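Chain A is the first sequence line, chain B the second, and so forth, proteins listed ahead of strands; every chain is numbered from 1. Just so it is clear, the structure is predicted and the values come from calculations on it, not from any experiment. Hydrogens, waters and symmetry mates are skipped; everything else that's a heavy atom, side chains included, is used.
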Amino acid sequence: MKLLTHNMLTSHVKGVINGYPLLIKATEVKVNEVEFNPQFVSRMIPKLEWSALIQAAEGLGHLQDLPGTPIENYENDAEFLRKVHRVLLEVEVIEGSLQCPESGREFPISKGVPNMLLNEDES
Amino acid sequence: SQNSRIIEIQTQMSERAVELLNLPEDKPCYLLDVGCGSGLSGDYLSEEGHYWVGLDISTAMLDVAMDREVEGDLVLGDMGQGVPFRSGTFDGCISISALQWLCNADKKSHIPPKRLYTFFSSLYSSLQRGARAVFQIYPEDSKQLELITSQAMKAGFTGGMVVDYPNSTKAKKLFLCLFAGESGVLPKVCVKKRMNMVQRFFSGKSVKKSKDWIMEKKERRRRQGKDVRADTKYTGRHRKPRF
């Protein structure tokens, strides 16, 4: 699970009002090399919940020097976009779980795939 | 995935679905692939320079996708339970040969219309305003198709059906095109000579020049007291292009 996906994932358990952001509990993290596309990163930045991204990256020990808010004029700052690219697309949680901030319910992550299947009473 | 013919068909359907998505040209988009399976359609999305998240209910299929090292991020989930993404996440959604599974009650507790509605309403919110969702489907019958479209409309979608090769039982393909927050705009269709396309829209209006449209227009003119020819079996019959 990449951090870009994590930034968009939310608990969809019936009755949960605020199932976002899911807290990452990782036991295995991998960093891959992914082709850098500055246009894509630039387009995604306005869609991100930046504080959730920072919190997730920090929790995994991969925050490095990513700022607390996107810098001004980020579209033209390749260095900044590269940092965001690394955190969004290169850091991957392989094993662990995602915990709902409201209910505490955990969604396991196995082989990089989060399991969002709900039980009968949750949907 | 072994059969190269199957792969060819899947890729063609993915190509057509992306075409119908009408994404902005030359821009990398963030897409959802519902029922992504082993990632065949996802591979096409990657080829086109897009980033995607694949949702599937089968661990076995997702394992194959991982072995194939697909570029998209995979999520194990049941679309009938809703797509677990926050609002405005995706620029578009495609789904190849997956939606009809929602029409069957696999468990006693499953109520197909409810699952379809849960899926469509969560999908609707996960899409950016103006985004589209294109589903290649094999509906069992018109009743199943009606069930699907009615739940999609209930969830707020407008849209229509695109039928490729309508006269060939073998080649015929159905694509359900849904618009999130856009009203009644025709999908930009690629008119290739070999294809014969029929479009029906469920935004309340009939497609121009279709038989329905002709009948409605004649009725309108009769109400206005105008002289209108009687309806016969030839009314609105499909004519060859030279007309």
Side-chain angles (χ1 to χ4, degrees), chain A residues 1-16 18-22 30 32-49 52 81 85 88-94 98 100 105 107-123, chain B residues 23-24 26-32 36 46 49-63 65-67 69-91 107-111 114-115 117-119 121-123 125-128 131:
Chain A
M1 182 198 67
K2 301 186 183 190
L3 292 189
L4 171 57
T5 308
H6 166 261
N7 200 265
M8 308 298 177
L9 265 175
T10 171
S11 166
H12 53 316
V13 170
K14 191 173 68 178
V16 168
N18 187 24
Y20 180 89
L22 295 165
K30 209 170 73 166
N32 312 300
E33 212 178 284
V34 175
E35 201 182 311
F36 174 48
N37 185 330
Q39 197 190 15
F40 178 69
V41 179
S42 197
R43 287 191 73 220
M44 291 308 291
I45 289 174
K47 291 209 250 184
L48 300 170
E49 278 290 334
L81 291 177
H85 162 83
L88 284 183
L89 298 172
E90 295 187 330
V91 177
E92 215 182 317
V93 179
I94 305 299
L98 296 169
C100 174
R105 199 270 207 214
F107 299 93
I109 303 173
S110 165
K111 293 190 268 184
V113 179
N115 180 344
M116 307 301 289
L117 289 168
L118 302 177
N119 305 317
E120 286 298 321
D121 56 336
E122 289 178 316
S123 63
Chain B
L23 296 169
D26 297 326
K27 288 205 168 88
C29 294
Y30 192 47
L31 307 171
L32 176 65
C36 64
S46 298
H50 299 305
Y51 295 76
W52 54 278
V53 174
L55 180 71
D56 206 282
I57 199 173
S58 160
T59 357
M61 291 292 264
L62 290 179
D63 276 340
M66 284 186 275
D67 282 343
E69 296 189 336
V70 297
E71 288 174 35
D73 223 5
L74 307 170
V75 174
L76 178 65
D78 177 353
M79 54 170 144
Q81 293 180 336
V83 298
F85 298 96
R86 56 183 174 86
S87 46
T89 296
F90 298 110
D91 299 317
K107 295 183 182 164
K108 256 210 297 215
S109 54
H110 281 182
I111 305 168
K114 183 159 175 270
R115 283 169 56 76
Y117 179 74
T118 303
F119 168 65
S121 53
S122 57
L123 177 66
S125 95
S126 79
L127 289 167
Q128 285 264 303

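Ionic pairing of D121(A) and K14(A) is not present here: no N-O contact between side-chain nitrogen and carboxylate oxygen is shorter than 4.0 angstrom. A salt bridge between E90(A) and K2(A) is absent, with no side-chain N of the basic residue lying under 4.0 Å from a carboxylate O of the acidic one.
Cation-pi geometry between R115(B) and Y117(B) is not satisfied (NZ or CZ under 6.0 Å from the ring centre, within 45° of the ring normal).
In this structure, chain B has a heavy atom under 4.5 Å from the backbone of E35(A), while its side chain stays farther away. Heavy atoms closer than 4.5 Å to chain A are found nowhere in D56(B), neither backbone nor side chain. With a 4.5 Å cut-off on non-hydrogen atoms, V53(B) touches chain A through its side chain but not through its backbone. Of the two parts of Q128(B), only the side chain, counted from C-beta on, holds a non-hydrogen atom closer than 4.5 Å to a non-hydrogen atom of chain A. Looking at D91(B), both its backbone and its side chain come within 4.5 Å of chain A, counting heavy atoms on both sides. With a 4.5 angstrom heavy-atom cutoff, N32(A) does not touch chain B via any of its atoms. In this structure, chain B has heavy atoms under 4.5 Å from both the backbone and the side chain of F40(A). Neither the backbone nor the side chain of I109(A) comes within contact range of chain B, judged by heavy atoms closer than 4.5 Å.
Taking Y30(B) as the reference, F90(B) meet the ring-ring contact (aromatic ring centres under 6.0 Å, His included) condition, with sequence neighbours excluded.
When each of N115(A), L9(A), L22(A) is paired with F107(A), the side chain to side chain contact (heavy atoms under 4.5 Å, CB included) condition holds for L22(A) and for no other.
When all heavy atoms of H6(A) and L98(A) are compared, the pair lying nearest together is CD2-CD2, 3.9 Å. The shortest non-hydrogen separation linking C36(B) to L62(B) is SG-CD2, 3.8 Å.
Among the candidates L89(A), N37(A), V34(A), the residue making the largest number of heavy-atom pairs closer than 4.5 Å to chain B is N37(A). Of the listed residues K47(A), M8(A), Q39(A), H12(A), the one with more heavy-atom pairs under 4.5 angstrom with chain B than any other is M8(A).
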